[in-house]
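Below: the structure, in structure tokens.
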Amino acid sequence: MAILVLGGAGYIGSHTVYELLDAGRDVVVADNLVTGFRAAVPSQARFYQADIRDRAAMDRLFETEQIDGVIHFAAFSQVGESMTDPLKYYDNNLHGTMVLLQSMTDHGVDKIVFSSTAATYGEPEQIPILETDAATPTNCYGETKLAMEHMMSWTSRAHGLRYVALRYFNACGAHPGGAIGEAHDPETHLIPLILQVPGGKREKVFIFGDDYPTRDGTCVRDYIHVTDLAQAHILALDYLLRGGENNVFNLGNGVGFTVKEVIDTARRVTGHPIPAEVCERRAGDPAQLVASSEKAKSVLGWKPRYDDLSTIISSAWQWHSTHPNGYGG
Ligand code: UDP
């Protein structure tokens, strides 16, 4: 019996595949390679190039492989793009998940762990954010992820599907072994963009607004190492395999850093001055997002190992400095 990782050639997906293989699991990866990289998938995993919107491809997968449970990362994930091209997000994230669930339901595959996001909360009611807090997204990306959670919930009632939604805060860092890391084209995330400056690929980094109601005016985010996120998926899958009920968990470190603090930490880690310039706010950005992950710790037994921002940025720098062109060399 195997675990199917959809979107397993992407950033968080590939790190989860590595952790699953390390734990001795039989792993099948499907990815359409639109944003993922074939080179990010180790040879021990069976790879299928397939799109979750392709019903025939999903049916073939479930007919060819004996799938115990699904881990679903196959979605678009850029806040800014979701505001300018919302229908792209509805198509891949919602329509894709609908096709996937139809195929799973028809093939009797009833367990799924999937990537949700802190963006489901919108402007938080309180810090740290609890899973029971109101979810009113301020961007289309968060809206589609929240709708995916609801789709799972209704499918569960009708067809007995069981799911865990993992609401990630800001994923960052890279595998300590150095073989895989973060590679987006175009890159939009803060830490890799900052590291492009010492990497010689850009002259400066832009700070999206310094007039937020935070300690230095820049947005506060909770940065969590990708390997810690990957471990949480395995724990969530095992929880479902043990018969655990549908659930939603935040995954973060519980400590918020401003954009300026992240840049300062990267300056210390890399020894580079990293010039920064303040520009306009980015549409859809809440001022602060910091998780309470107590529920994941108590219910799943999750123990994040990388709780220090310098260590997280060092692991990202190790990847970016040795792979300046991502998987292109
Ligand atoms: N950000 C920034 N400059 C950039 C990219 C991001 O100031 O070039 C800010 C962004 O506004 C947010 C934080 O950095 O407050 C993290 O953004 P990212 O896109 O990495 O993750 P998100 O919070 O959107 O998931």
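It should be emphasised that the depicted structure is a prediction, and the values quoted were computed from it without experimental measurement. First listed ligand is number 1; within each ligand, the first listed atom is number 1. These values consider heavy atoms only, across backbone and side chains, with no hydrogens, waters or symmetry-generated copies.
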Side-chain ion pair, [X] and [Y], N-O less than 4.0 Å:
X    : Y    : value
R242 : D238 : no
D26  : R46  : yes
D91  : K88  : no

Before we go on, tell me: are the rings of H15 and Y11 under 6.0 Å apart, centre to centre?
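Centroid separation for H15 and Y11: below 6.0 Å.
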Minimum side-chain heavy-atom gap S115-I12 below 4.5 Å
no
What's in the same ILVMFWY side-chain cluster as L193, cut-off under 4.5 Å, chained through other members?
none
Neighbouring residues of ligand 1, heavy-atom cut-off under 4.0 Å:
V79, N170, T188, H189, L190, L193, F206, I207, F208, C219, R221, Y223, V259, R282, D285
